[in-house]
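Comments concern the structure below.
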Amino acid sequence: MGRFCIFSRKTQLAQGIVEKMINHMLEGELAQRNAKRRLERERGRREAVADMSEDLSEGEKGDTVGDLSAHGDSVRGRLPRINSVDAMEAWVNQQKGKKLYIILISLHGLLRGDNMELGRDSDTGGQVKYVVELARALASMPGVYRVDLLTRQVSAPDVDWSYGEPTEMLNIRNEDFLDEMGESSGAYIVRIPFGPKDKYIPKELLWPHIPEFVDGALNHIIRMSKSLGEQIGGGKPVWPVAIHGHYADAGDSAALLSGALNVPMLFTGHSLGRDKLEQLLKQGRLSRDEINSTYKIMRRIEAEELSLDVSEIVITSTRQEIEEQWRLYDGFDPILERKLRARIRRNVSCYGRFMPRMAIIPPGMEFHHIVPQDGDMDGEIEGNEDHPSSHPSIWIEIMRFFTNSHKPMILALARPDPKKNITTLVKAFGECRPLRELANLTLIMGNRDGIDEMSSTSASVLLSVLKLIDKYDLYGQVAYPKHHKQSDVPDIYRLAAKTKGVFINPAFIEPFGLTLIEAAAHGLPMVATKNGGPVDIHRVLDNGLLVDPHDQQSIADALLKLVAEKHLWAKCRQNGLKNIHHFSWPEHCKAYLSKIAGCKPRHPQWQKSDDGADTSDTDSPGDSLRDIQDLSLNLRFSLDGEKTGGSVNDSSLGSEGNAADKKSKIENAVLAWSKGVVKDTRKAIDHNSSSGKFPSLRRRKQIFVVAVDFDTFASLAEATRKIFEAVEKERVEGSIGFILSTSLAISEICSFLALGGFSPSDFDAFICNSGSDLYYSTPNPEDGPFVIDFYYHSHIEYRWGGEGLRKTLFRWSSSVIDKKAEDAERIVSSAEQLSTDYCYAFTVKKPGSVPPVKELQKVLRIQALRCHAIYCQNGTRINVIPVLASRSQALRYLYVRWGVELASMVVFVGECGDTDYEGLLGGLHKSVILKGVCSSASSQFHANRSYPLSDIMPLESPNVVQAAEESSAIRSSLEQLGCLKS
């Protein structure tokens with residue numbers, strides 16, 4: 001036995017040494033990553049500042065962040081709050097007459113207006129309650145007509161039927177500021193179907209289905225905007241004033257919707273992926289690959305980076321979120337943001353650089369109905385001993401755990417998630433005998449039926465808690481009820497206050513701290529983590545103590561201090577009740593709406609003809625002429641068939657020259673076309689006729705999009721012919737139209753058409769330069785082959801870096817060299833003849849020697865340049881385009897602009913393609929993957945991504961099929977999709 005004990009001690013010692021070595025290695029790796037990130041950030045900042053150096057002011061030259069006003073809208077030591085009734089009334093009067101439409105998005109979890117199942121799973125937590133209450137609160141504010149909270153429709157057997165209802169109207173609880181109600185006014189939960197039908201899935205599995213949500217949400221918003229236009233807009237659509245994404249998945253969705261509709265985007269992270277990754281790596285339990293496969297963390301981080309690219313405003317609740325979390329991202333640098341803000345104030349150019357505004361708006365809460373009750377628990381219980389049923393049922397459920405229910409209650413409300421740090425709290429309680437003698441501990445850890453039915457992560461945390469209770473023999477001192485309703489939560493707070501208890505939030509990091517505000521409103525002092533929202537809440541409320549969540553002894557000492565020192569407890573309670581008004585929903589919404597008012601209004605700019613939504617096959621001459629009059633303002637004919645006004649070196653209609661001559665050419669072209677329309681109206685309509693609507697895709701029953709990414713014209717022509725042959729009958733009839741979607745420039749498309757024996761009229765539209773330019777084929781050959789849609793440019797130009805971006809790209813391209821070659825030759829060079837105003841093209845000599853696309857994207861984001869870098873044509877071309885542009889977004893534009901239904905589109909792609917390939921597969925449209933096409937060389941560029949394509953492509957979707965590159969196989973696949981009759 002002695003030998004066994006010695007062996008056991010040696011084993012434990014060895015294990016301890018190994019753990020220390022592993023921790024030391026992890027700390028070293030973390031330090032190396034942070035050092036590399038710091039160097040990249042400093043180099044990017046130096047280059048950005050150098051570009052702007054000629055007119056720097058003294059206020060821009062410092063390298064330290066001063067007060068928070070440099071990168072947030074709060075000022076240190078105070079909150080931007082209304083402190084008088086008069087000030088609120090003045091603001092309310094300013095809002096009168098406005099009719100704002102606001103979109104909120106929160107995708108994961110289960111959302112409904114009442115009886116929220118908070119804690120049911122890791123996705124249904126505080127964020128769910130926050131977004132529902134925010135929607136309610138905004139809809140009750142003056143000037144706000146309608147708020148839509150978009151989420152996922154879940155019609156699954158294991159969840160309540162209410163989550164499958166398409167629409168749910170939310171009751172407005174505070175009508176103090178409510179304007180007169182209208183037909184569609186108020187707050188609504190709108191549930192969009194996307195993802196696997198009849199299945200409730202965790203947020204980590206939603207990523208491949210986000211494009212489907214975006215398309216469904218786009219349908220809803222357009223319908224609602226038109227409906228609101230008829231009610232309150234004088235017949236003109238009422239577009240959303242802002243689209244606000246909550247959490248990374250909704251941020252990704254909001255960015256795409258913002259681009260499709262050209263409206264401002266707001267973003268709230270709630271919790272951030274880079275911070276979570278750092279925390280998980282520090283713990284050392286999972287490798288980076290395991291973390292990514294479990295949490296899809298790199299896909300989440302990319303969504304947060306895109307949200308920074310597109311957002312006008314990022315709303316945070318705390319300074320800590322900005323200073324310690326957002327600064328981990330490539331797309332946000334508080335020092336560079338300070339410099340850019342100074343330049344904006346001085347009306348000096350930022351050289352194409354943009355940074356979202358960080359707005360600190362602490363969370364709001366409805367607490368006017370809460371009446372904190374003083375009283376003695378002993379007296380209340382003793383007075384009701386003969387009538388125990390007079391107690392709230394949750395009181396009875398909790399108190400049955402305790403041997404002495406009269407002791408002060410330490411209360412924690414948190415789902416069983418490792419980051420909530422519940423096990424450290426139980427250890428602190430179990431190892432502090434004085435605390436155990438003075439108080440009880442209540443753990444409200446969501447709802448559960450059986451441990452085996454919980455997720456593995458939640459079950460692991462709960463089992464650890466139960467083992468600790470047994471280890472420290474805490475029976476009779478710790479309550480952990482299995483069930484509670486959302487309506488029970490106020491009673492739980494009230495019970496803790498009656499016992500002169502304390503509320504604790506021991507989470508490693510707490511983004512908001514809503515439960516702290518709720519607890520304070522009920523008269524409970526707090527002990528909370530010093531990381532995140534509690535810091536700012538404590539600064540305002542001054543109602544408790546902050547602790548290091550990793551320090552078990554610190555947690556125990558703080559709890560013991562508040563429980564034992566009655567005067568301190570009373571002071572903290574009183575401070576909380578006195579200052580709680582700072583966190584009301586009306587004040588939160590006032591700050592929120594003020595930030596939105598500061599955004600430059602953006603919305604679709606074109607003026608559609610009266611029949612814009614009509615898709616009938618014929619029109620009267622008057623309808624067609626109205627279309628022409630509209631198009632003459634925003635579409636330009638390409639008279640030479642190659643370069644148009646989109647070219648950097650353009651010498652056509654958009655270049656310097658004789659303005660009268662240009663005007664005359666356009667007028668003559670439009671006049672000739674209009675004569676042709678009138679002349680041919682009486683003829684039978686076929687797909688080559690110029691009679692129906694322009695562009696001709698408006699009268700097609702289906703649109704087939706050829707988006708196969710070959711690197712040779714011959715291969716692309718062969719695939720196109722096979723697709724044409726598969727639907728030759730329908731093509732001749734004119735029921736099917738075609739779009740060519742490619743990385744090619746319009747001049748290259750001309751060469752492709754000539755080589756393949758195609759006519760421009762074989763296609764209704766051309767999405768070229770990776771989605772940065774959009775052309776239509778003209779009705780009459782004598783008018784020229786193409787017409788460019790300039791409204792599309794106005795739609796995508798948001799945050800386009802222009803000359804500042806081009807200068808940075810030239811500098812980057814000159815730095816990319818083949819180090820193995822003797823003369824270190826440059827392998828990336830500018831392709832001026834292929835570049836346009838909204839696409840900077842570069843040719844690549846040795847694709848295998850070019851840094852991955854993610855590295856170029858990082859370089860650009862670090863310098864606050866917002867764009868998409870796309871590796872094309874097997875890596876021999878790089879196109880850099882606006883952040884709101886892409887081939888998939890161009891399809892959404894055609895829906896918004898011309899009413900071309902996304903569900904009527906079929907997109908043909910290869911097995912791989914350009915690095916924007918994945919965006920072409922998701923959504924409401926159908927997809928046909930041509931087997932064996934583009935399956936080899938291109939794949940290496942996707943392998944260099946920070947996340948696998950499986951995280952973003954719905955490969956098991958019924959809308960995606962595969963077919964051989966043969967006309968018969970292609971037709972069979974279209975029949976399988978239901979696009980053609982057998």
Test item: side-chain donor near acceptor, [X] and [Y], under 3.5 Å:
X      : Y      : result
Ser554 : Asp557 : no
Ser271 : Arg300 : yes
Asp289 : Ser287 : no

When you check the gap from the basic side-chain N to the acidic O, do [X] and [Y] get nearer than 4.0 Å?
X      : Y      : answer
Arg299 : Glu302 : no
Asp252 : Lys203 : no
Glu323 : Arg327 : no
Glu165 : Arg112 : no
Lys467 : Asp470 : no

Is the shortest heavy-atom distance from the side chain of [X] to the side chain of [Y] under 4.5 Å?
X      : Y      : value
Tyr480 : Met445 : yes
Ile580 : Ile517 : yes
Met454 : Pro416 : yes
Val489 : Leu118 : no
Asn115 : Asp160 : no
Trp569 : Val563 : no
Ile398 : Leu495 : yes

Can you run down the ring pair (Phe, Tyr, Trp, His ring centres under 6.0 Å) pairs that involve residues 536-557, sequence neighbours left out, and say none if there aren't any?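 Listed by first then second residue: Phe508-His550.
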Passing option when Arg288 is tested against Ile297, Leu280, Leu281 for side-chain contact (heavy atoms from CB on, under 4.5 Å):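 So the option named by the test is Leu281.
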List the steps and the verdict of side chain to side chain contact (heavy atoms under 4.5 Å, CB included) for Lys420 and Arg415. CA-CA 7 Å; Lys420 297 300 181 182; Arg415 64 180 184 272; 4.0 Å; yes
Among Thr124, Asp121, Asp249, the one residue meeting side-chain hydrogen bond (donor to acceptor under 3.5 Å, both in side chains) with His108: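 Output: one option passes, namely Asp249.
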For Tyr247 and Gln127, run side-chain hydrogen bond (donor to acceptor under 3.5 Å, both in side chains): C-alpha distance rounded to whole Å, both residues' side-chain angles, the deciding distance at 0.1 Å, then the answer. CA-CA 9 Å; Tyr247 195 80; Gln127 178 184 325; over 6 Å; no
Just by distance, do the side chain of [X] and the backbone of [Y] share a donor-acceptor pair under 3.5 Å?
X      : Y      : answer
Ser293 : Glu290 : yes
Thr424 : Gln552 : no
Asp488 : Lys485 : yes
Asn292 : Met298 : yes
Lys407 : Arg436 : yes
Asn447 : His484 : yes
Gln153 : Gly164 : yes
Thr151 : Ser106 : yes
Arg152 : Phe194 : yes
Thr499 : Met409 : yes

Could you state the interatomic distance from [atom1] ([X]) to [atom2] ([Y]), rounded to the nearest 0.5 Å?
X      : Y      : atom1 : atom2 : answer
Leu568 : Leu545 : CG    : CG    : 6.0 Å
Ile422 : Ile444 : CD1   : CD1   : 10.5 Å
Glu565 : Lys571 : CD    : NZ    : 11.5 Å
Thr294 : Glu204 : OG1   : CD    : 8.5 Å
Arg494 : Trp395 : CZ    : CH2   : 4.0 Å
Asn421 : Ile504 : CG    : CD1   : 8.5 Å

Would you say CG of Asn404 has more than 12 non-hydrogen atoms from neighbouring residues, nucleotides or ligands within 6.0 angstrom?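 Buried by this count: over 12 neighbours within 6.0 Å.
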On the 0 to 90° scale, with breaks at 30° and 60°, tag the Phe267-Trp326 ring pair as parallel, tilted or perpendicular.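 Geometry flag for Trp326 against Phe267: perpendicular rings.
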Pairing residues for Tyr472 by the ring-ring contact (aromatic ring centres under 6.0 Å, His included) criterion, not counting sequence neighbours: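 For Tyr472, no residue satisfies ring-ring contact (aromatic ring centres under 6.0 Å, His included) once neighbours in sequence are set aside.
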Partner set under ring-ring contact (aromatic ring centres under 6.0 Å, His included) for Tyr200, not counting sequence neighbours: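 For Tyr200 there are no ring-ring contact (aromatic ring centres under 6.0 Å, His included) partners, ignoring immediate neighbours.
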Yes or no on side chain to side chain contact (heavy atoms under 4.5 Å, CB included) for His522 and Phe503, after CA distance, side-chain angles and deciding distance? CA-CA 10 Å; His522 285 84; Phe503 182 80; over 6 Å; no
Taking the ring centre of each residue, are Tyr130 and His270 less than 6.0 Å apart?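 Ring centres of His270 and Tyr130 closer than 6.0 Å.
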Val535/Gln320 under side chain to side chain contact (heavy atoms under 4.5 Å, CB included): CA gap, chis, key distance, verdict: CA-CA 8 Å; Val535 177; Gln320 188 271 350; 5.6 Å; no
Arg274 charged N/C atom sitting above Tyr329 aromatic ring, 6.0 Å / 45°: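 Satisfied, under 6.0 Å and within 45°.
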Checking side chain to side chain contact (heavy atoms under 4.5 Å, CB included) for the pair Ile469/Tyr475: CA distance, chi angles, key distance, verdict? CA-CA 7 Å; Ile469 290 172; Tyr475 299 104; 4.0 Å; yes
